[in-house]
Amino acid sequence: MPELPEVETIARGLARRVTGDVIESVWIGRKKEPLKSPAAEMALVLEQSRIAQVHRMGKHIVFELDRGAVTNASHGRKTRISAKAQWIVHLGMTGRLQVCEPQAEIAKHTHAILRLSSGRELRFVDPRRFGRLSSAATAEFHATGIEPLEIDAEHFAALFRGRKTPIKSALLNQKLLRGVGNIYADESLFRSGIRPRRRASTISHESLAKLHTGLQDVLKEAIALGGSSVSDYVNADGEEGFFQLEHRVYGREGALCRVCKTPIKRVVIAGRSSHYCPKCQK
DNA sequence: ACTATTTCCTGGATGC
DNA sequence: TGCATCCAGGAAATAG
């Protein structure tokens, strides 16, 4: 399940492989489900666009497109119109973007194929269809929330002021912070000694400062290790990450806390599995 | 204006 | 072996 570190890893891998490539044609398999923009509109935006840049915003992968040469038919000669556009991909739970040769077997649940001028294809595969594709030709895509690696301690603490919701839910709320998912919410709460059910507004400024540091540390460490490979996550080169080996609470129900040997507990908060150490976290 | 709950979707694990 | 049931979870939609 790709969260900020996994999406960052994937975006960097894609940037290395497809930057500069031109999208020559597009095949879109479904009319709705993964699509947020109409299929025809998306194809129109993508085709003949040059991929100028690939980067991450929250859990979104954003392809910055440069739609260079456009024929102005009214004068019968080519006029260069510089137009910017974007292709925005959210991988959901099981979404994957693969760069491959055209003869490579088309995986089950392939929903979109972009044919590139380099002769390769960029394919979007998503069995569970929680992923989303959208395009922005005029209005620039604007993700909600603030990047957790860019926010300072004061603004971070202010996000939770007056919120009665459990801190775990607040961390998952993409309108506050963007990119934090279940794994890194649990891991950052462990690092800062806060139980996931604690009401956000009741947490001391000092603890929130620890949470700010803990969250930034865990995200940076995870990016350095290529993300966490749980279930079927792989990066743009099909390689697994290694941060799952560093998890201190996530997915460790019943296993002993690495700090105090107390068995890790699992509770459900807002429909999400939440893991914590009952001794280390208060 | 918030917060809580439900819904979407399929593969893999589990149980009988 | 086969079939039914449950579970994972991000974010949008819905309800309170």
Side-chain angles (χ1 to χ4, degrees), chain A residues 1-11 29-38 56-62 88-97 106-112 124-134 136 141-148 158-189 196-203 215 219 222 227-234 240-241 243-244 247 249-254 264-276:
Chain A
M1 44 214 84
E3 302 179 23
L4 187 153
E6 291 77 32
V7 178
E8 179 67 32
T9 304
I10 293 166
R30 300 178 60 88
K31 291 233 171 8
K32 35 182 193 156
E33 237 60 90
L35 305 188
K36 286 178 86 175
S37 315
R56 177 194 63 77
M57 279 179 84
K59 296 175 193 170
H60 299 266
I61 298 168
V62 182
I88 303 111
V89 179
H90 191 299
L91 299 171
M93 293 281 296
T94 53
R96 274 169 27 226
L97 280 168
I106 293 176
K108 223 174 169 182
H109 310 294
T110 297
H111 305 306
F124 176 69
V125 184
D126 184 15
R128 233 182 272 178
R129 278 190 255 148
F130 273 20
R132 289 293 179 265
L133 305 178
S134 58
F141 171 69
H142 214 82
T144 59
I146 304 173
E147 284 291 332
L159 291 178
F160 306 107
R161 206 161 290 154
R163 293 195 179 267
K164 296 193 189 100
T165 194
I167 186 66
K168 169 72 182 273
S169 300
L171 285 172
L172 293 179
N173 185 345
Q174 302 296 300
K175 292 191 176 82
L176 300 178
L177 291 170
R178 62 189 192 215
V180 181
N182 213 29
I183 297 174
Y184 301 101
D186 282 5
E187 293 297 321
S188 62
L189 287 170
R197 263 200 226 284
R198 278 283 298 280
R199 301 278 144 183
S201 60
T202 69
I203 301 172
L215 178 60
L219 293 173
S228 301
S229 283
V230 292
S231 66
D232 50 6
Y233 161 76
V234 286
E240 295 195 339
F243 195 72
Q244 68 279 9
H247 291 176
V249 287
Y250 183 84
R252 299 190 68 238
E253 181 185 11
I264 299 300
K265 277 199 165 188
R266 187 183 78 93
V267 293
V268 176
I269 299 170
R272 296 292 167 263
S273 286
S274 304
H275 313 74
Y276 69 98

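In what follows, chains carry the letters A, B, and so on, assigned in the order in which the sequence lines appear, proteins first and then strands, with residues in each chain numbered from 1. It should be emphasised that the depicted structure is a prediction, and the values quoted were computed from it without experimental measurement.
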*Asks:* Can you name the residues that form a side-chain hydrogen bond (donor to acceptor under 3.5 Å, both in side chains) with S274(A), not counting sequence neighbours?
*Replies:*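 Residues passing side-chain hydrogen bond (donor to acceptor under 3.5 Å, both in side chains) with S274(A): K168(A).
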
*Asks:* Any Lys/Arg nitrogen of R178(A) or E147(A) sitting under 4.0 Å from an Asp/Glu carboxylate oxygen of the other?
*Replies:* yes

*Asks:* Not counting sequence neighbours, which residues clear side-chain hydrogen bond (donor to acceptor under 3.5 Å, both in side chains) with R272(A)? List them please.
*Replies:*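 For R272(A) there are no side-chain hydrogen bond (donor to acceptor under 3.5 Å, both in side chains) partners, ignoring immediate neighbours.
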
*Asks:* Under the side-chain hydrogen bond (donor to acceptor under 3.5 Å, both in side chains) test, which residues partner S201(A), sequence neighbours left out?
*Replies:*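 If we apply the side-chain hydrogen bond (donor to acceptor under 3.5 Å, both in side chains) test to S201(A), skipping adjacent residues, there are no hits.
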
*Asks:* Scan nucleotides 9-11 of chain C against the protein and return all N/O pairs shorter than 3.5 Å with their distances rounded to 0.1 Å.
*Replies:*
unit_1  : atom_1 : unit_2  : atom_2 : d
dG9(C)  : OP1    : N182(A) : ND2    : 3.4
dG9(C)  : OP1    : Y250(A) : OH     : 2.5
dG9(C)  : OP2    : S273(A) : OG     : 3.3
dG9(C)  : N2     : R128(A) : NH1    : 2.9
dG10(C) : O3'    : H90(A)  : NE2    : 3.3
dG10(C) : N7     : R272(A) : NH2    : 2.3
dG10(C) : O6     : R272(A) : NH2    : 3.4
dA11(C) : OP1    : H90(A)  : NE2    : 2.7
dA11(C) : OP2    : K59(A)  : NZ     : 3.1
dA11(C) : OP2    : Q174(A) : NE2    : 3.3
dA11(C) : N6     : R272(A) : NH2    : 3.1

*Asks:* Run I167(A) and R199(A) through side-chain contact (heavy atoms from CB on, under 4.5 Å) and show every step you take.
*Replies:* CA-CA 6 Å; I167(A) 186 66; R199(A) 301 278 144 183; over 6 Å; no

*Asks:* Please list, for nucleotides 3-5 of chain B, all pairs of protein and nucleotide N/O atoms separated by less than 3.5 Å.
*Replies:*
unit_1 : atom_1 : unit_2  : atom_2 : d
dT3(B) : OP1    : K164(A) : N      : 3.0
dT3(B) : OP2    : R163(A) : NH1    : 2.7
dA4(B) : OP1    : R199(A) : NH1    : 3.3
dA4(B) : OP2    : T165(A) : OG1    : 2.9

*Asks:* Using five pairs at either end of the helix from dC2(B)-dG16(C) to dC16(B)-dG2(C), determine the angle between the two local helix axes and round it to 10 degrees.
*Replies:* 50°

*Asks:* Whole angstrom is fine here: how far is it from CZ in R161(A) over to P in dC2(B)?
*Replies:* 14 Å

*Asks:* Would you say a side-chain N or O of H109(A) is under 4.0 Å from OP1 or OP2 of dC9(B)?
*Replies:*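 For dC9(B), OP1/OP2 do not have a side-chain N/O of H109(A) under 4.0 Å.
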
*Asks:* For nucleotides 14-16 of chain C, print each protein N/O atom paired with a nucleotide N/O atom at under 3.5 Å, atom names and distance only.
*Replies:*
none

*Asks:* Mind checking side-chain contact (heavy atoms from CB on, under 4.5 Å) for T165(A) and listing every partner two or more places apart, or none if nothing turns up?
*Replies:* R163(A), S169(A), A170(A)

*Asks:* So does I106(A) get a backbone contact from the side chain of T110(A), meaning a donor-acceptor N/O pair under 3.5 Å?
*Replies:*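 Here the side-chain-to-backbone pair does not exist.
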
*Asks:* Could you pull out all residues at least two apart from E8(A) that satisfy side-chain contact (heavy atoms from CB on, under 4.5 Å)?
*Replies:* R12(A), R56(A), I223(A)

*Asks:* Please identify each residue that fulfils side-chain contact (heavy atoms from CB on, under 4.5 Å) with F124(A), with sequence neighbours left out.
*Replies:*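 For F124(A), the residues satisfying side-chain contact (heavy atoms from CB on, under 4.5 Å) (neighbours in sequence not counted) are P34(A), V89(A), L91(A), L97(A), H111(A), A112(A), D126(A), L133(A).
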
*Asks:* Can you confirm whether I88(A) sits close enough to I61(A) that some side-chain heavy atom of one is under 4.5 Å from a side-chain heavy atom of the other?
*Replies:* no

*Asks:* Just to verify, what does R266(A) make a side-chain hydrogen bond (donor to acceptor under 3.5 Å, both in side chains) with, not counting sequence neighbours?
*Replies:* E253(A), S273(A)

*Asks:* Hey, is the main chain of G92(A) close enough, under 3.5 Å, to the side chain of H90(A) for a donor-acceptor pair?
*Replies:*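 Present.
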
*Asks:* Partners of K175(A) by side-chain contact (heavy atoms from CB on, under 4.5 Å), sequence neighbours excluded?
*Replies:*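 T144(A), N173(A).
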
